[in-house]
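Beneath this line is the structure, given in structure tokens, with notes to follow.
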Amino acid sequence: MEERKWWKESVVYQIYPMSFYDANGDGIGDLRGIQEKLPYLKRLGVDVLWISPFYKSPGFDNGYDISDYEAVDGKYGSGEDLDRLIQKAHEMRIKIVLDLVVNHTSDQHTWFVESRKSREAQKRDWYIWRDAVQGKEPNNWGSLFGGPAWTLDEKTGQYYLHLFSPHQPDLNWRNEEVRRSVYEMMNRWIDRGIDGFRMDVISLIAKPSEYEDGPVGKNGYADWHPTVANNPKVHEYLREMRRRVLDRGDLMTVGEASAVTVEEAEKYACSDGSELNMVFQFEHVGLDGSEEFKWNDRRIPVSGLKQVMNKWQLELEGKAWNSLFWCNHDQPRIVSRLGDEGKYRERSAKMLATCLHMMKGTPYIFQGEELGMTNFPFSDRSELRDIESLDAYDRYVEQKLFTPQEMLRIISLKSRDNARTPMQWSAGENGGFTTGTPWMKVNPNHVTINAGEQMGREDSVWEYYRRLIALRHSRPCIVYGRFAPCEEGGDRIYAYTRENEEEKLLVVCNFTGEAQTFDVDAPFRERGELLLSNVPESGLLSEGELQPWEAAVISVRNQTA
Ligand code: TEU
Ligand code: CA
């Protein structure tokens, strides 16, 4: 039997503070803004907030380049604002999970400032410094945000490693003092009352001892993922972190694990509790990638999606816990990506929500997903803010791989900036996000897609999410029931069942804009009860018919129960 845990029974809502709600009119979302919207989140029914970084940062990667792990950046408010937010959330029985970004710091962090002073500096070994090899970078790895993964520091004549931008030097986890300092920092956050951590690129923290060249890819650099990701030492470090920090309380931990396999996830998220509670895997959202990484106009194939999701559901069963997500601050909007932005926007957004939230694991909602927010129609480079998108735009246009117009079209499909446009609260100016000038353009479709219009409208995407969350809270089968895929459906329908002692649920989702037929099994057809559907009148039970983008959940009580 599955062990009961609060974090298995929770629904998490991710907040990207810069774009959530601006309480003081400077155009940037802030901590007071989050506090003001707690009643909104409570009404939606979520249990946990994961708040993306609001720590002191020069902001080259929107806060994922941290210069002080324990200070709130002035643009988001003050330390008191944070303490008040934690307190108010707790009063409303909402938990707070913070982003822990410890693969790298900002180059402005005092640790790095100290480290780069001299080869003999006390913190020299806190980062990864290497001599040039034949007058060049120590190896041929590329940075994820363009250029080489090594930058020469003129002063000491050595290179430092940065898997991400040069403003994000990688910490050396082999150094015991680094690990101790990170654990102490985490312990102080726990003392301050937080309920858990989302751990940024945790699968990358353990580096190899030697830096060898890898095979060169299309961008002229080698991809370091195969060497760095899931290096066996990462499990040693996480077990140590478990003993020194995490075992102190009943915390929630989720590791962002790029390039993770099922076998690796079983170690990170093992149900023996030795490492983390769960990881984010990216196989399903990587299905529209290519050799050019993500800069193409491919869509995620539904048959591939089913195969990947089924694999994760089936293989972690009884061994490790899944996290369920379509969206986060690095992904384009799911309704644009897998649904229909046009006529069936609302219905397809609800179908996608059903498909994900009825699976086994802890579901994550990214701000605006509950409204069916869409991608942004970028038409000029000046509208972009994301370091990755700007780098890709410049490189692809300069190398004439795409015209500026083509690249903007692809960016509107795939860029991280699609997730980062301000939250659409109302039809009013700037979507009600700010009274000032927003740091990034608000999607012009806020006049029709916004929270004010949807809350209280029975058939809105927002009300549907609210029902889905409530359903999960009231039915143990949705949390703990076994998952089994249905064979039928090909690349048009995704159907699966969930089952515990009490009941069996059938979930059927039409991933197309056309009507489909589906053979409903006898017990469901004969004594099934329609629990949830996104169409006014479902013909699934009566005719075995699905309307375009329909989703339906049918329940039968187990007669033995
Ligand atoms: O993302 C990790 C990561 O691998 C992403 O850069 C991902 O590959 C990319 O977004 C896909 O386009 C985490 C954070 O979520 C991201 O926002 C940060 O930029 C990154 O780490 C560095 O901290
Ligand atoms: Ca503000």
Side-chain angles (χ1 to χ4, degrees), residues 14 16-36 50-55 57 59-66 72-78 81 99-106 142-146 149 162-171 198-205 223-225 228-229 254-260 279-283 285-286 288-289 292-296 325 327-332 364 366 385-392 410-411 413-420 422-423 430 433-439:
Q14 184 193 350
Y16 197 65
M18 226 180 191
S19 303
F20 191 60
Y21 183 59
D22 175 22
N24 68 353
D26 65 355
I28 300 172
D30 43 47
L31 295 176
R32 254 186 52 218
I34 302 175
Q35 192 193 316
E36 282 184 32
W50 149 28
I51 311 179
S52 276
F54 48 74
Y55 319 98
S57 162
F60 287 100
D61 189 15
N62 280 1
Y64 283 89
D65 49 324
I66 300 171
V72 170
D73 195 290
K75 60 178 171 291
Y76 300 117
S78 65
D81 291 335
D99 221 307
L100 181 79
V101 189
V102 289
N103 173 70
H104 45 268
T105 66
S106 156
S143 142
L144 214 65
F145 299 150
H162 53 87
L163 301 179
F164 297 90
S165 86
H167 297 291
Q168 294 164 294
D170 281 54
L171 281 164
R198 173 268 185 187
M199 303 185 184
D200 194 61
V201 287
I202 204 70
S203 58
L204 305 181
I205 59 173
D223 176 13
W224 38 256
H225 280 98
V228 177
V254 50
E256 190 203 23
S258 14
V260 76
V279 292
F280 291 127
Q281 60 83 17
F282 292 89
E283 216 180 329
V285 287
D288 54 1
E292 276 83 27
F293 185 44
K294 62 181 179 185
W295 306 112
N296 62 51
F325 75 94
C327 301
N328 64 33
H329 63 292
D330 295 333
Q331 301 292 328
Y364 290 73
F366 178 72
R385 293 288 177 275
D386 166 30
I387 183 172
E388 180 189 64
S389 309
L390 287 163
D391 163 72
I410 286 168
I411 281 174
L413 296 173
K414 299 288 174 78
S415 162
R416 311 200 294 184
D417 270 342
N418 289 300
R420 301 176 180 185
M423 181 70 181
N430 299 319
F433 162 71
T434 179
T435 53
T437 308
W439 72 283

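This chain uses plain numbering: 1 for the first residue, then up along the sequence. In each ligand, atom 1 is the first atom listed, and ligand 1 is the first ligand listed.
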- Message: What protein heavy atom lies closest to atom 19 (O) of ligand 1? Include the residue and the distance to one decimal.
- Response: Asp61 OD2, 2.5 Å
- Item | Sub-4.0 Å heavy-atom contact, Arg420 with ligand 1 | yes
- Item | atom 9 (C) of ligand 1: the protein heavy-atom neighbour that sits closest, reported with distance to 0.1 Å | Glu388 OE2, 3.6 Å
- Query: Applying the side-chain hydrogen bond (donor to acceptor under 3.5 Å, both in side chains) test to Asp65, which of Ser165, Ser106, Ser57 qualifies?
  - Reply: Ser57
- Query: Rounded to the nearest 0.5 Å, how far apart are OG of Ser389 and NZ of Lys414?
  - Reply: 12.5 Å
- Message: Under a 3.5 Å distance rule, please check whether Ser203 uses its side chain to pair with a backbone N or O of Ser258 as donor and acceptor.
- Response: yes
- Between the CG atom in Asn62 and the CZ atom in Arg416, the distance rounded to the nearest 0.5 Å is 8.0 Å
- What is the closest protein heavy atom to atom 1 (O) of ligand 1, and at what distance does it sit? Glu256 OE2, 3.1 Å
- Item | Per-atom contacts, ligand 1 versus Phe293 - under 4.0 Å to a heavy atom | 11 (C), 12 (O)
- Distance flag, aromatic centroids of Phe280 and Tyr364, threshold under 6.0 Å: yes
- Give a yes/no verdict on whether any heavy atom in Phe282 is under 4.0 Å from an atom of ligand 1. no
- Message: Quick check on the Ca ion (ligand 2): does Ile28 put an N/O/S atom closer than 3.0 Å to it?
- Response: yes
- How are the rings of Phe164 and Trp224 set to each other: parallel, tilted or perpendicular (split at 30° and 60°)? perpendicular
- Query: Which protein heavy atom lies closest to atom 14 (C) of ligand 1, and at what distance to 0.1 Å?
  - Reply: Asp200 OD1, 3.1 Å
- Query: Where on Arg198 is there a heavy atom closer than 4.0 Å to ligand 1, on the side chain, on the backbone, on both, or on neither?
  - Reply: side chain
- Task: Verify, without hydrogens or angle tests, whether Arg198 (side chain) and Gln14 (backbone) share a donor-acceptor contact under 3.5 angstrom.
- Result: no
- Message: What I want to check is whether the side chains of Tyr76 and Asp81 have a donor and an acceptor closer together than 3.5 Å.
- Response: no
- Closest N/O/S atom of Asp26 to the Ca ion (ligand 2), by atom name? OD1
- Query: Do the side chain of Asp30 and the main chain of Gly77 share a donor and acceptor less than 3.5 angstrom apart?
  - Reply: no
- Item | atom 12 (O) of ligand 1: the protein heavy-atom neighbour that sits closest, reported with distance to 0.1 Å | Lys294 NZ, 2.4 Å
- Query: How far is atom 15 (O) of ligand 1 from its nearest protein heavy atom, and which residue and atom name does that atom have?
  - Reply: Asp330 OD2, 2.5 Å
- Query: Is the shortest side-chain N to carboxylate O distance from Arg32 to Asp22 below 4.0 Å?
  - Reply: no
- Note on the structure: Near His329 (heavy-atom distance under 4.0 Å), the atoms of ligand 1 are 14 (C), 15 (O), 16 (C), 17 (O)
- Proximal atoms of ligand 1 relative to Phe145 (non-hydrogen, under 4.0 Å): 19 (O)
- Message: From the N, O or S atoms in Asp30, identify the one nearest to the Ca ion (ligand 2).
- Response: OD2
- Is the distance from the Ca ion (ligand 2) to the nearest N/O/S atom of Asn24 under 3.0 Å? yes
- Which of these passes side chain to side chain contact (heavy atoms under 4.5 Å, CB included) with His104: Ile66, Ile205, Val201? Val201
- Tell me which N, O or S atom of Asp22 sits nearest to the Ca ion (ligand 2). OD1
- His104 to ligand 1, any heavy atom closer than 4.0 Å: yes
- Item | Considering all heavy atoms, the nearest Asn103-Leu163 contact | ND2-CD1, 4.2 Å
- Message: What protein heavy atom lies closest to atom 7 (C) of ligand 1? Include the residue and the distance to one decimal.
- Response: Leu144 CD2, 4.3 Å
